[in-house]
Amino acid sequence: MCGIIGVIGEPDASEALVDGLQRLEYRGYDSAGVATLANGHIQRCRAEGKIRNLVKKLAAEPVTGTVGIGHTRWATHGAPTENNAHPHATDKVAIVHNGIIDNYLELKAELESKQYRFESETDTEIVVHLVTDYLMQGMTPVEAAQASFKRLQGAYAILMIFAGEHDLMIGVRQGTPMTIGYGEGENAGRMYMASDAIALAAYTNRVCYLEDGDWAIIRQDGAEIFTMDGAPVERTVRKSTVTSAQTSKAGYRHFMLKEIHEQPEVIGNTLHAHLHPATGQAVFKDFDFDFASLKRLHITACGTAFFAGLVARYWFEELAGLPTEVDIASEYSHRSLPPSDDAATLVISQSGETFDTLEALRFAKSQGQKTLAVLNVQDSTIFREADHSVFTLAGPEQSVASSKAFTTQLATLACLAMVAARARGKLTEEREREIAAALREVPSRMAEILRLDDQIKEVAKDIQHATSVLYLGRGRSYPIATEGALKLKEVSYIHAEGYAAGEMKHGPIALIDETLPVVAIAPTD
Ligand code: GLU
């Protein structure tokens, strides 16, 4: 992931870009940069590291103008250096890119043979030279952009601005997200593009999500959207529910801490939406999936969502008597599943844009399976492509390391397992009421745990110098152990493993000595 943003018609483009980049920093943050047009010329400022380094640099070397693009990078090709930071530019065009251009080596060889010289190690820079080459051949910026998009393979969201063109920005979406924002009220006459609506929350709530293969011409007076073949298309402009307040840290030191503390509230919201207040029955609005005739359920997801799926397997099997398998999304299409119309695939993704999960969903559809999705973001690509979707009500999750998305996924999956169990005639009303009552206790129990903050800090002090940590659990606690280990790795860079407790004696116990902290997940039920 990385974040991109573009603005047009802003009195101080660079200020708006930096503000948007700070909201996008959760998507990646190894380097950042902005480019604007000043008197028709491209000006750039880039810096290694966090966005605050870019802010410092901009204070010393400001860039001016009303149109501009910005990028916070999470490097895939080339080290996270200033030279590799986006925007990449020639004197004709500046570009920011999220994703990977798969055929960049081939295109690079072609462009090098035409004497184009490359300054960075990125895949992105080929787009700059490709567009420049088309401009040199006499194409207009719009023609050059469209011709370039046709040459690119891979996943990319790209924004570009052109020297001498104050009222033009072009963007494309292929495999990675892109949103258009329409300024209104005091921001009328200003237009925006960004990786997501979160980056635009301070400027506008009127947004339109591009679909894969769309590209758009943005000018101060609006947007025109086209397919790759150049046919104009209409995409709905809607009101984003993301507010500027939701995207602030609200006094917490970082987003992850804020989101950890939001859990009682958002789990409460999620259960309130999915459990009938009087009967305790789990219900999803506008959801008519037929669980009764299903023979097998495949759950597939990535990272934390995959562990949520592993927990849910126990519920679908225990409550609904539904044989359930769980696969890592990037591995799913490597299986040779017999085509089947009595199996369904359930995907889980916070953003609804997770590329590997989307590919797994497409694979399942190609096998004739029905598809279901558990998502946090509405209007996402997975929402559009899955047959049925249900939602978690976690609000925007900005921390890269997931917390409230995971627990609201579990709450939603528990309700979904209840729906499946009832449809399959496996759940008595009494049992359903019992489960609903237990679920409703979760927010207050969670709030109690969060009050143990000080004790948790003491434990953290104990393990901060460990080189490795082991998490153990059995049954439903086993995936919780693996999620715990993933979280520790991601945020502390301490190596950690989650293990099925019963497996310890079959080898890994040899690693245990008095220096190895072991976290046992051992609830009483
Ligand atoms: N592939 C590009 C790079 O390495 C973009 C990575 C990103 O999405 O941040 O620079």
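Values in this document were obtained by computation on a predicted structure and should not be read as measured data. Just so you know, ligand 1 is whichever comes first in the structure, and atom 1 is the first atom listed for that ligand.
Minimum interatomic distance between Val326 and Phe306 (heavy atoms only, all atoms of both residues): CG1-CE1, 3.6 Å.
Ligand-side atoms of ligand 1 in range of Trp74: 6 (C), 7 (C), 9 (O), range being under 4.0 angstrom from any heavy atom. For ligand 1, the atoms closer than 4.0 angstrom to any heavy atom of Asp123 are 1 (N), 2 (C), 3 (C), 4 (O). For ligand 1, the atoms sitting less than 4.0 Å from at least one non-hydrogen atom of His77 are 4 (O), numbered in the order shown with element in parentheses. Every atom of ligand 1 with a heavy atom of His71 under 4.0 Å away is listed here by number and element: 9 (O). Distances below 4.0 Å separate heavy atoms of Thr122 from the following atoms of ligand 1: 10 (O).
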Without placing hydrogens or testing angles, list every side-chain donor-acceptor pair under 3.5 Å for residues 141-152, not counting sequence neighbours.
residue, atom, partner, partner atom, Å
Glu143, OE1, Thr140, N, 2.9
Glu143, OE1, Thr140, OG1, 3.4
Gln146, NE2, Met228, O, 3.3
Ser148, OG, Ala144, O, 2.7
Arg151, NH1, Glu110, OE2, 3.3
Arg151, NH1, Tyr134, OH, 3.3
Arg151, NH2, Glu110, OE1, 2.8

List the atom pairs, with distances to 0.1 Å, where a side-chain N or O of residues 54-63 and a protein N or O form a donor-acceptor pair under 3.5 Å, not counting sequence neighbours.
residue, atom, partner, partner atom, Å
Lys57, NZ, Arg46, O, 2.8
Lys57, NZ, Glu82, OE1, 3.3
Lys57, NZ, Glu82, OE2, 2.7

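Centroid-to-centroid, the aromatic rings of Tyr182 and Tyr192 stay 6.0 Å apart or farther.
Taking distance alone, with nitrogen or oxygen atoms compared against 3.5 Å, Asn84 stays at or beyond that limit from ligand 1. Backbone and side-chain nitrogen or oxygen atoms of Arg73 are examined, and one is located within less than 3.5 angstrom of a nitrogen or oxygen of ligand 1.
A salt bridge links Arg362 with Glu385: the distance from a Lys NZ or Arg NE/NH1/NH2 to an Asp or Glu carboxylate oxygen falls below 4.0 Å.
Relative orientation of the His261 and Tyr252 rings is parallel, given thresholds of 30° and 60° on the angle between their planes.
A heavy-atom separation below 4.0 Å is found between Gly99 and ligand 1.
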